[in-house]
Amino acid sequence: MTPIWHPSPNFGPRRDLARPSLVLIHYTAMDSAEAALERLCDPGPEVSAHYLIGEKGTLWQMVREDDRAWHAGAGSWMGCDDINSQSIGIELANRGDHPFSEPQMTVLEKLLAGILTRWSISPQSVLGHSDTAPGRKIDPGKRFDWKRLADAGLAHWPEPVNGPEMDGDGFVAAMRNAGYTGSADAAVLLDVLRHRYRPFARGPRGAADEAVARGL
């Protein structure tokens, strides 16, 4: 699979000779892939990503995988707070209010399989923007099919682990242990967990949420 090369000026070297160890998935929140491509290659906003996948499965590459694209912003994962230097960013053309198309998901699966192999990245390190920036970002959102990626061996899906009821501190500790090492509180972490693993859950934190947190 050969992407369309559409270079962006918005990139730089990875800091401290870092090599990619994460993949971050975003949605564009724009009306079309072409509008997103224009923005990601505009030097004014100073944003970019390595790849963009359109609704019909068109794949563009804007930054070489060796280089540091500017897609993650402020965030943290497993104690790392320079997500851009550690990650490869993939944008999916989607406004955030509708499902992701079949052609788009098929191309994403092929792209991810190649990236994980090239850089020896584990499926556990395929993340959403919401995972690294809880409370600030929600993409790729509740309509993104994480279970599909996990079933293909391209992302992590936890096996719930039952246990005693957690208080807020215990829930935060479980999420910190899973990788959510920013400063988000229990309410924000519950929201980000549900966005990815329990998108239809509502109400106060319950045993099912806590079982997922333990399983992470």
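Heavy atoms only: backbone and side chains are in, while hydrogens, waters and symmetry mates are out. If you're wondering where the values come from, they're calculated on a predicted model, not measured in any experiment. All residue numbers refer to positions in the sequence shown, counting from 1.
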Closest heavy-atom pair, Val192 versus Ser130, reported as atoms and distance to 0.1 Å, is CG2-O, 3.1 Å
So, the side chain of Ser8 versus the backbone of Met62: is there a donor-acceptor pair under 3.5 Å, distance only? no
Going hydrophobic residue to hydrophobic residue with side-chain gaps under 4.5 angstrom, can you get from Leu112 over to Met1? yes
What one should report as the nearest heavy-atom pair of Ala211 and Asn162 is CB-OD1, 3.8 Å
All heavy atoms of Leu116 vs all of Gly153, minimum pair found to be CD1-O, 4.5 Å
So, does Gln61 use its side chain to make a donor-acceptor pair with the main chain of His50 at under 3.5 Å? no
Could you work out, with side chain to side chain donor-acceptor pair (under 3.5 Å) as the rule, every residue matching Tyr180, not counting sequence neighbours? Asp131
Can you tell me if Arg68 uses its side chain to pair, donor with acceptor, with the backbone of Pro13 under 3.5 Å? no
Is there side-chain contact between His129 and Thr132, with at least one heavy-atom pair below 4.5 Å? yes
Donor-acceptor check, side chain of Arg14 to backbone of Ser85, threshold 3.5 angstrom: yes or no? yes
Show the nearest heavy-atom pair for residues Val63 and Asn10, with the distance to one decimal. CG2-O, 4.2 Å
Sub-3.5 Å donor-acceptor pair from the side chain of Asn94 to the main-chain atoms of His98, do we have one? yes
For the residue pair Asp82 and Asn84, establish whether any side-chain heavy-atom pair is separated by less than 4.5 Å. yes
Taking all heavy atoms of Thr28 and all of Ala93, pick out the closest pair and write down the distance. OG1-CA, 3.5 Å
Any heavy-atom pair between the side chains of Cys41 and His6 that's under 4.5 Å? yes
Is it true that atom CD of Glu38 has more than 12 heavy atoms of other residues, nucleotides or ligands lying nearer than 6.0 Å? no
May I ask you to test the Leu108-Tyr51 pair for a side-chain heavy-atom distance under 4.5 Å? no
Is a side-chain donor or acceptor of Ser87 paired with a backbone partner of Gly89 at a separation under 3.5 angstrom? no
Smallest separation among heavy atoms of Met105 and Leu149, with atom names: CE-CD2, 4.4 Å
Give a yes or no answer on whether the side chain of Ser125 reaches the backbone of Leu22 with a donor-acceptor pair at less than 3.5 Å. no
Would you call Glu102 and Arg148 a salt bridge, taking side-chain N to carboxylate O under 4.0 Å as the test? yes
Sub-4.5 Å side-chain heavy-atom contact between Val126 and His156: no
Separation between NE2 of His26 and CG of Leu92, rounded to the nearest 0.5 Å: 9.0 Å
Exceeds 12 heavy-atom contacts within 6.0 angstrom, atom NZ of Lys56: no
Ion pair present between Arg39 and Asp42, side-chain N to carboxylate O less than 4.0 angstrom? no
Looking at side-chain heavy atoms only, is the closest gap between Ile53 and Glu91 below 4.5 Å? no
So do the side chains of Arg95 and Tyr27 get within less than 4.5 Å of each other, counting heavy atoms only? no
Backbone N or O of Glu65 within a donor-acceptor pair of the Arg118 side chain at under 3.5 Å? no
Between Ser48 and Ala69, is there a donor-acceptor pair closer than 3.5 Å when you use the side chain of the first and the backbone of the second? no
Among all residues two or more places apart in sequence or in another chain, which pass the ring-ring contact (aromatic ring centres under 6.0 Å, His included) test with Trp157? Tyr197
Side-chain (Arg136) to main-chain (Ala74) donor-acceptor, under 3.5 angstrom: yes
Are Ser21 and Gln86 close enough that a side-chain donor and a side-chain acceptor fall under 3.5 Å? yes
What residues form a ring-ring contact (aromatic ring centres under 6.0 Å, His included) with Phe144, not counting sequence neighbours? Phe100, Trp146
Quick check: do Ile121 and Val23 have side-chain heavy atoms less than 4.5 Å from each other? yes
More than 12 heavy atoms of other residues, nucleotides or ligands under 6.0 Å from CG of Asp16: is that the case? no
